[in-house]
Amino acid sequence: MPRYYEDKPEGGACAGVKEDLGACLLQSDCVLQEGKSPRQCLKEGNCKALKYSFFECKRSMLDARSRFRGRKGY
């Protein structure tokens, strides 16, 4: 489950999504039971929704339209 913050976490615009993605990967069965690295589990397709949210957040930072509309995401 995503965690929401009263004040923004330190570390940049997408830090909240990045932290949630890391927590999701570390708590997945792929890491805990199979003993694989979080990077391998991410490539295999675990935590797809958070991976896509993180991608969209990073992409919105590069999008020139986001200067006027504001960033998407958390």
Side-chain angles (χ1 to χ4, degrees):
M1 286 303 275
R3 291 185 289 172
Y4 298 97
Y5 302 94
E6 293 177 6
D7 53 325
K8 290 187 178 182
E10 299 294 325
C14 301
V17 182
K18 185 177 181 180
E19 185 177 331
D20 289 342
L21 179 60
C24 176
L25 288 170
L26 290 175
Q27 294 172 0
S28 69
D29 291 337
C30 181
V31 172
L32 295 176
Q33 294 177 357
E34 297 176 20
K36 296 181 181 178
S37 70
R39 182 176 298 212
Q40 289 173 330
C41 294
L42 189 62
K43 286 182 180 179
E44 290 178 3
N46 292 319
C47 305
K48 286 184 181 181
L50 284 172
K51 181 181 176 183
Y52 181 74
S53 296
F54 185 63
F55 166 76
E56 285 293 322
C57 182
K58 287 294 200 181
R59 186 174 74 163
S60 73
M61 291 172 48
L62 298 174
D63 189 6
R65 293 177 296 169
S66 67
R67 292 182 298 163
F68 302 107
R69 295 182 184 173
R71 257 188 13 264
K72 296 180 183 177
Y74 285 37

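Position 1 is the first residue of the sequence, and the numbers go up from there.
- Minimum interatomic distance between Cys24 and Leu50 (heavy atoms only, all atoms of both residues): CB-CD1, 3.7 Å.
- Without hydrogens or angle criteria, Glu19 side chain to Gly16 main chain gives no donor-acceptor distance under 3.5 Å.
- Atoms CZ and CZ, from Phe54 and Arg59 in turn, are 14.0 Å apart once rounded to the nearest 0.5 Å.
- We find the OG-CD distance between Ser28 and Glu34 to be 8.5 Å, quoted to the nearest 0.5 Å.
- Between the SG atom of Cys14 and the CD atom of Glu56 there is a distance of 10.5 Å, given to the nearest 0.5 Å.
- Evaluation of the side chain to side chain donor-acceptor pair (under 3.5 Å) rule for Glu44 yields Lys36 as partners, not counting sequence neighbours.
- Taking CZ from Phe55 and OG from Ser60, the interatomic distance works out to 10.5 Å, rounded to the nearest 0.5 Å.
- Taken from NZ in Lys58 to OG in Ser53, the straight-line distance is 14.0 Å, to the nearest 0.5 Å.
- Partners of Leu25 under the side chain to side chain contact (heavy atoms under 4.5 Å, CB included) rule, at least two apart in sequence or in another chain, are Leu21, Pro38, Cys41, Leu42, Asn46, Cys47.
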